[in-house]
Amino acid sequence: MTESAPEPTPAPDAGTVRSALEAVAALLAPGIPGVAEQVLHAHDDPAGFVRAHADRLDDRGIDEPFPGLPWIALVNALDDQGLLAEFDWKEGSDEIHWQLGRLESRPSVDPLALLGTAGTELPTHEFLELCGRHYGEVGKALAVLDIESDCYPVVCLPARLAGELTAVAARAGFAAWHLGGGTA
C-alpha cells in the first residue's frame with residue numbers, strides 16, 4: 001500500500017486575508033483606526049502603498065509590492081504609534097528593557113524591575129523569552145510579528161489575547177508567536 005501525499009492546504013481567499021489583517025490591527029491597536037487603514041491600503045493597493053510610503057519602506061529595502069507588504073505595513077504602523085519595539089538579533093538587554101518600557105501598551109508595573117542583572121548577559125532571543133515570562137506574571141504577553149528578518153518586532157498585549165493574535169495572524173498568512181511561554 002502506498003501513501004499518498006497530503007492534500008495541500010488551500011491558500012486563504014483575499015476576503016479572509018483582508019478581514020484577518022483588519023482583526024490583527026484592531027487587536028494590537030484598539031481605538032487607533034489608522035493602523036488598520038495602512039494595513040488595508042497595503043493589501044488593497046500594494047503599488048499605491050509603496051508609492052505613498054516609499055521613504056519608510058526604503059529603510060527596509062522595499063521598493064516594490066510583495067506578498068508580505070501588509071505585514072510590514074502593520075509593523076511600521078504599530079511602531080509609529082509606539083505599540084511595537086523592533087530589536088536586532090544581537091540587541092543588548094539594557095536597550096530591550098528601555099524600549100519595552102516605552103511601549104504604549106506596556107503594563108503599569110514594570111515586570112522587569114525585580115530582574116536586576118539576572119539574565120542580562122543572555123543572547124537576545126533568550127532575554128526576550130525571559131522578558132515574556134515576566135510580562136506573563138502581570139497579565140501581559142510579548143509577541144513577535146515575524147517579518148522573516150534577523151530582527152524581532154515585538155508587541156505587548158493582554159495575555160488572554162495572545163492565542164487569538166497567533167490564530168488571526170495565521171489566517172492572514174503570517175506568523176506571530178508568544179515570547180516566554182512557547183506558542184500562544
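What's counted below: heavy atoms across the whole structure, side chains too, no hydrogens, waters or symmetry copies.
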Measure the spacing between [atom1] of [X] and [atom2] of [Y] and express it to the nearest 0.5 Å.
{"X": "Asn76", "Y": "Leu57", "atom1": "CG", "atom2": "CG", "value": "6.5 Å"}
{"X": "Ile147", "Y": "Arg60", "atom1": "CD1", "atom2": "CZ", "value": "4.5 Å"}
{"X": "Leu28", "Y": "Leu161", "atom1": "CG", "atom2": "CG", "value": "9.0 Å"}
{"X": "Lys140", "Y": "Leu157", "atom1": "NZ", "atom2": "CG", "value": "7.5 Å"}
{"X": "Leu112", "Y": "Ile96", "atom1": "CG", "atom2": "CD1", "value": "10.0 Å"}
{"X": "Gln81", "Y": "Gln38", "atom1": "CD", "atom2": "CD", "value": "8.0 Å"}

- Verify side-chain contact (heavy atoms from CB on, under 4.5 Å) between Val24 and Trp71, making sure each step is shown before the conclusion. CA-CA 10 Å; Val24 170; Trp71 203 242; 4.1 Å; yes
- Decide salt bridge (charged side-chain N to carboxylate O under 4.0 Å, His left out) for Lys90 and Asp150; before the verdict, give the C-alpha distance in whole Å, the side-chain angles of both, and the deciding distance to 0.1 Å. CA-CA 9 Å; Lys90 56 184 177 181; Asp150 63 352; over 6 Å; no
With side chains defined as the heavy atoms from C-beta onward, is the minimum distance between [X] and [Y] less than 4.5 Å?
{"X": "Asp79", "Y": "Glu86", "value": "no"}
{"X": "Pro46", "Y": "Pro67", "value": "no"}
{"X": "Leu78", "Y": "Val35", "value": "yes"}
{"X": "Leu145", "Y": "Leu74", "value": "yes"}
{"X": "Glu64", "Y": "Ile62", "value": "no"}

Shortest non-hydrogen contact from [X] toward [Y]:
{"X": "Cys156", "Y": "Leu142", "value": "CB-CD2, 3.9 Å"}
{"X": "Tyr152", "Y": "Trp89", "value": "CE1-CA, 3.9 Å"}
{"X": "Glu95", "Y": "Phe87", "value": "O-CE2, 4.1 Å"}

- Message: Counting neighbours of CG on Asp55 that are heavy atoms of other residues, nucleotides or ligands and sit closer than 6.0 Å, is the number greater than 12?
- Response: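 Open.
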- Query: Do side-chain atoms of Arg106 reach the backbone of Gly101 as a donor and acceptor pair under 3.5 angstrom?
  - Reply: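 Such a contact is found between Arg106 side chain and Gly101 backbone.
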- When you measure from the side chain of Asp58 to the backbone N and O of Gly61, does any donor-acceptor pair fall under 3.5 Å?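 Here the side-chain-to-backbone pair does not exist.
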